[in-house]
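Report on the following structure.
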Amino acid sequence: MSELASQFKSDFLREFAARGCLYDCTDPEALDALFAKERVTAYIGFDCTAASLHVGSLVQLMTLRRLQQAGHRPILLMGGGTTKIGDPSGKDESRLLLSAEQIEANKQSILKGVQHLLRFGDGASDAIMTDNAEWLDRLDYVPFLRDIGRHFSVNRMLTMDSVKLRLDRDQPMSFLGFNYMIMQAYDFVELYRRYGCRLQSAGSDQWGNIVSGIDLGRRVENVQLFGLTTPLITTASGAKMGKTAAGAVWLNADQRSPYEYWQFWRNTEDRDVGRFLRLFTDLPLDEISRLEALQGAELNQAKIVLATEATSILHGRAAAADAAETARRTFEEGGAAAGLPTFTLKLPDGILNLAVATGLVSSNSEARKLIANNGLRLNDAIVSDPRLQVDQGALTADGVLKLSSGKKKHVLVKPA
RNA sequence: GGGGGAGUGUCCCGAGUGGCAAAGGGGGCGGACUGUAAAUCCGCUGCGUUACGCUUCGUUGGUUCGAGUCCAACCUCCCCCA
């Protein structure tokens, strides 16, 4: 699709495609014309299954951001209702159902985490946040079946990937999960009714659900709706974006600090730098071309730009600058920079307990193994004795301890 | 309802049919080499006060000096027949 970039007339689609964000869309010509003609209202839905979104959702969030930057109106749809059902796509097992309270708490937390990405308000292109629980929770079963259910062919639903793949692998699927796509299709129509929303965007795996919504819109509202999908982002090595050893790369600062988030991007593989700059920053394309052309160690400069820009979008310019400075002091000067993750606690007995207390390792055994592999450092000196006692005398001039696992993970400990 | 099969180290896959803390792989972590990259090589990958002890193979009982392995019941899933 990116080769079509130059053929689009609308600013939004041209830029979107040129950045490698476009995977597929329905009726490209009509959608392009719509974007060129008027302010478009578009939505993306997010599940409330966790207290924070992670990097895997970032492409979607960036899509909303770009829509807004191009003067259109993004809707952030929180799946407070659909989360009660659970998306069957891709999962091998039905997930445990979350309680309504848990879903609501997750929703609030997610919203807090994405504040910097979009401008909310009452202006013409200000972002709107809504929750599909507002309409899904109130549905009356029989009227819903008569008005909406009649438009869905079970035969067709069975052929959709989210269902088919599951059945093909002999994995169970309850009637509950089977309804997810109907709810998502209905969301689209409801958002059209409420906000004149004409476009739904999502990852490419949601194509089937999007098309269902478009079909439903034509049948019940006689309107042409559009769908737009983004590619599934993997690293050049084939790993899914945002999954690291420590778990998902969460967007909320209380789960992954701006410094750690900055580090995540700083450690991007060489081959991904240009692509990620296009996808995850607002930098102009010619600037990105210049950065990705850097060779060898020079490319580290591009990674620093990537990290700072990406962090800035999520946490703000100041937090990004702080993170960059903390990283510079830590990695280039080898110091105990104040911006590192810091734990204030009473110094425990022995180095093992200290390492566990900071979360650098999860058990004493793991700490011992790390020490045996020369992986644990206290104030940059390799710890070789697992029985090492840590007391006030070990504090640096700043009155802290710097504890490191390997060369990249550093934390500070302040005696309480 | 009848017949057959499966559930293994709480990341995943997967060997194992009486001596097992349990093969192998992926993933992950650490080390070497580098550029906070990739590739490659090496080590580690249940917990603990670590030449020892404790907990682990769907659940609960049983046989045995000893059970992931044998027996019984139960739970969950899959396949075939009805």
Please state the C1' separation for the pair B/U10 and B/C57 - nearest whole angstrom. 11 Å

With a 4.0 Å limit, can you tell me whether A/K407 has a side-chain N or O closer than that to the phosphate oxygens OP1/OP2 of B/A32?
yes

Looking for any heavy atom pair under 4.0 Å, which part of the strands does A/N374 touch: base, sugar-phosphate only, or nothing?
sugar-phosphate

When rounded to whole Å, the CG to C1' distance for the pair A/L360 and B/C29 reads 11 Å

By salt bridge (Lys or Arg N to Asp or Glu O under 4.0 Å), A/D147 pairs with (sequence neighbours left out) none

Checklist line | Worked verdict on A/R377 versus A/D380 for salt bridge (charged side-chain N to carboxylate O under 4.0 Å, His left out) | finding: CA-CA 5 Å; A/R377 284 160 217 254; A/D380 298 312; over 6 Å; no

Below 4.0 Å: OP1/OP2 of B/A37 and any side-chain N or O of A/K408: yes

*In whole angstrom, give me the gap between the C1' atoms of B/C33 and B/C42.*
12 Å

Here the distance between atom P of B/G28 and atom NZ of A/K409, to the nearest Å, is 12 Å

- Message: Please report the distance separating the C1' of B/U17 from the corresponding atom of B/G2, rounded so that it comes out in whole Å.
- Response: 28 Å

Check your understanding: Expressed as a whole number of Å, how far does the P atom of B/U45 sit from that of B/C11?
Key -> 16 Å

Worksheet entry | Touch class at under 4.0 angstrom, heavy-atom based, for A/G296 against every strand present | base

Residue set satisfying side-chain contact (heavy atoms from CB on, under 4.5 Å) with A/D137, at least two apart, ordered chain then number -> A/K84, A/A133

Under a 3.5 Å limit on both distances, the Watson-Crick or wobble mate of B/G66 is none

Testing B/C44, B/G35, B/A38 for proximity to the side chain of A/E269, the answer is B/A38

Assert: residue with more 5' nearest nucleotide on RNA chain B, out of A/R266 and A/R377, is A/R377

Scanning all shown strands, the Watson-Crick or wobble mate of B/U60 with both distances under 3.5 Å is B/A72

Heavy atoms of A/Y259 and A/G339 approach each other most closely as CB-O, 4.2 Å

Check every strand shown and say whether A/Q263 touches a base, only sugar-phosphate, or nothing at a heavy-atom separation below 4.0 Å.
-> base

pair_partner(B/C41), Watson-Crick or wobble, both distances < 3.5 Å, evaluates to B/G31

Between B/G18 and B/C70, how far is it from one C1' atom to the other, in whole Å?
-> 8 Å

Checklist line | Phosphate contact (B/U36 OP1 or OP2) by A/T330 side-chain N/O below 4.0 Å | finding: no

- Just checking A/S405: base, sugar-phosphate only, or nothing, at a heavy-atom cut-off of under 4.0 Å? sugar-phosphate

When A/I304 and A/L352 are each assigned the nearest nucleotide of RNA chain B, the 5'-most assignment goes to A/I304

Residues 336-365 of chain A vs salt bridge (Lys or Arg N to Asp or Glu O under 4.0 Å), sequence neighbours excluded, gives none

Original post:
Looking only at atom P, what distance separates B/C47 and B/C74, rounded to whole Å?
Top reply: 37 Å

Using Watson-Crick geometry (N1-N3 plus N6-O4 or O6-N4) or G-U wobble (N1-O2, O6-N3), each under 3.5 Å, B/U50 is paired with none

Taken in chain and number order and not counting sequence neighbours, the residues that satisfy salt bridge (Lys or Arg N to Asp or Glu O under 4.0 Å) with A/E101 are none

query = C1' atom, B/G16 versus B/U56: distance in rounded Å?
reply = 15 Å

In short, salt bridge (Lys or Arg N to Asp or Glu O under 4.0 Å) pairs touching residues 290-316 of chain A with sequence neighbours left out are A/D270-A/K303, A/R278-A/E292, A/E287-A/R290, A/E309-A/R317

Partner of A/T230 under side-chain contact (heavy atoms from CB on, under 4.5 Å), picked from A/I44, A/L22, A/T63, is A/T63

**Message:** Before we go on, tell me: are the rings of A/F331 and A/H410 under 6.0 Å apart, centre to centre?
**Reply:** yes

Q) Which part of the nucleic acid, if any, lies within contact of A/A327, taking any heavy atom under 4.0 Å across all strands shown: a base, the sugar-phosphate backbone alone, or nothing? A) base

### Task
Rounded to whole angstrom, note down the P distance from B/A22 over to B/U40.
29 Å

Checking N1-N3 plus N6-O4 or O6-N4 for Watson-Crick, or N1-O2 and O6-N3 for wobble, each under 3.5 Å, the partner of B/C77 is B/G5

For nucleotides 50-52 of chain B, list the nitrogen or oxygen atoms of the protein found under 3.5 Å from its nitrogen or oxygen atoms, one pair per line.
from	atom 1	to	atom 2	distance (Å)
B/U50	O4	A/S365	OG	3.1

When both distances are under 3.5 Å in a Watson-Crick or G-U wobble arrangement, the nucleotide paired with B/U55 is none

